Amino acid sequence: MRSLLLLALAALSLYWYAERYGLAVGYPPFLPVFYWKYTGEARYPLRVTGLYDAVKVRVAGSLQEGRLEVALVQGERVVGGRAYAGRFQEEVRFPVSPGEYFLRFRLQDAKGQVRYDWVATKFAP
């Protein structure tokens, strides 16, 4: 009985924390990420060499609340970006030249799950 009470107290504490401060659980690109009223930003660095001419980002998920913005940034300049809300599944290609980039995933009051995957690749014309 005591362990059941401790488990209920832990679940209630986790729910209170998620409602008040937001919560994200998961590890992209290998696992889907589950969000509960989460606001934040994740940046992933990319180094593009002369062999690659595009960065391909696959985004799939379902957000009951909030929105997700995906952007490819070089220095302070945004090369390209998209915004998502609700249910979505898309593969976006951003044209690039050799250099240093980073992928930015920005979430605003997100509640739901999202799966990310990205790769720099060469596409046939």
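Note that this is a predicted model, so its numbers are computed, not measured. Below, all heavy atoms of this structure are taken into account, side chains as well, without hydrogens, waters or symmetry copies.
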Give the other cluster members for Leu7, using side-chain heavy-atom distances under 4.5 Å between Ile, Leu, Val, Met, Phe, Trp and Tyr residues; answer none if it is isolated.
none
What pairs with Arg77 under side-chain hydrogen bond (donor to acceptor under 3.5 Å, both in side chains), at least two apart in sequence or on another chain?
Gln74
Do Val114 and Leu103 sit in the same hydrophobic cluster, where Ile, Leu, Val, Met, Phe, Trp and Tyr count as joined when their side-chain heavy atoms come under 4.5 Å apart?
yes
Heavy-atom closest pair (Gly66 atom, Ala85 atom, distance to 0.1 Å) is O-CB, 3.8 Å
Look up atom NZ in Lys111 and atom CD in Gln64, then write down how far apart they are to the nearest 0.5 Å.
7.0 Å
Determine, using the 4.5 Å side-chain heavy-atom cutoff (strictly less than), whether Tyr84 and Phe94 are members of one ILVMFWY cluster.
yes
Could you go step by step and tell me if Leu46 and Leu72 meet the side chain to side chain contact (heavy atoms under 4.5 Å, CB included) rule?
CA-CA 10 Å; Leu46 291 172; Leu72 183 67; 4.1 Å; yes
Hphob cluster co-occupancy, Leu23 + Val33, side-chain heavy atoms under 4.5 angstrom
no
Measuring from Arg115:CZ to Arg58:CZ, what's the distance to the nearest 0.5 Å?
10.0 Å
Side-chain heavy atoms nearer than 4.5 Å, only ILVMFWY residues, links allowed to pass through others: does that put Leu63 and Phe34 together?
no
Write down the atom of Ser97, the atom of Val48, and the distance for their closest heavy-atom approach.
O-CG1, 3.8 Å
Around atom CD of Gln89, are there more than 12 heavy atoms from other residues, nucleotides or ligands closer than 6.0 Å?
no
Residues passing the ring-ring contact (aromatic ring centres under 6.0 Å, His included) test with Phe105, sequence neighbours excluded, are Tyr44, Tyr116, Trp118
Restricting to side-chain hydrogen bond (donor to acceptor under 3.5 Å, both in side chains), what partner residues turn up for Glu65, sequence neighbours left out?
none
Residue set satisfying side-chain hydrogen bond (donor to acceptor under 3.5 Å, both in side chains) with Arg87, at least two apart, ordered chain then number -> none
Gap between atom CG of Asp109 and atom CZ of Arg67 - 0.5 Å precision:
11.5 Å
Using links of under 4.5 Å between side-chain heavy atoms of ILVMFWY residues, direct or through other members, which residues join Phe102 in one cluster?
Val73, Val78
Sequence neighbours left out, what passes salt bridge (charged side-chain N to carboxylate O under 4.0 Å, His left out) with Arg82? Give chain and number order.
Glu90
Not counting sequence neighbours, which residues clear salt bridge (charged side-chain N to carboxylate O under 4.0 Å, His left out) with Glu41? List them please.
Arg43, Arg106
Are Val55 and Val59 co-members of a hydrophobic cluster defined by side-chain heavy atoms under 4.5 Å apart?
yes
Residues 7-35 vs salt bridge (Lys or Arg N to Asp or Glu O under 4.0 Å), sequence neighbours excluded, gives Glu19-Lys37
Only pairs at least two apart or in different chains count here, so list each side chain to side chain donor-acceptor pair (under 3.5 Å) that has a residue in residues 6-17.
none
Taking the side chain as every heavy atom from C-beta outward, state whether Val70 and Val92 have any atom pair closer than 4.5 Å.
no
Could you work out, with ring-ring contact (aromatic ring centres under 6.0 Å, His included) as the rule, every residue matching Tyr38, not counting sequence neighbours?
Tyr35
Other members of the hydrophobic cluster containing Leu12, with the 4.5 Å side-chain heavy-atom rule, please.
none
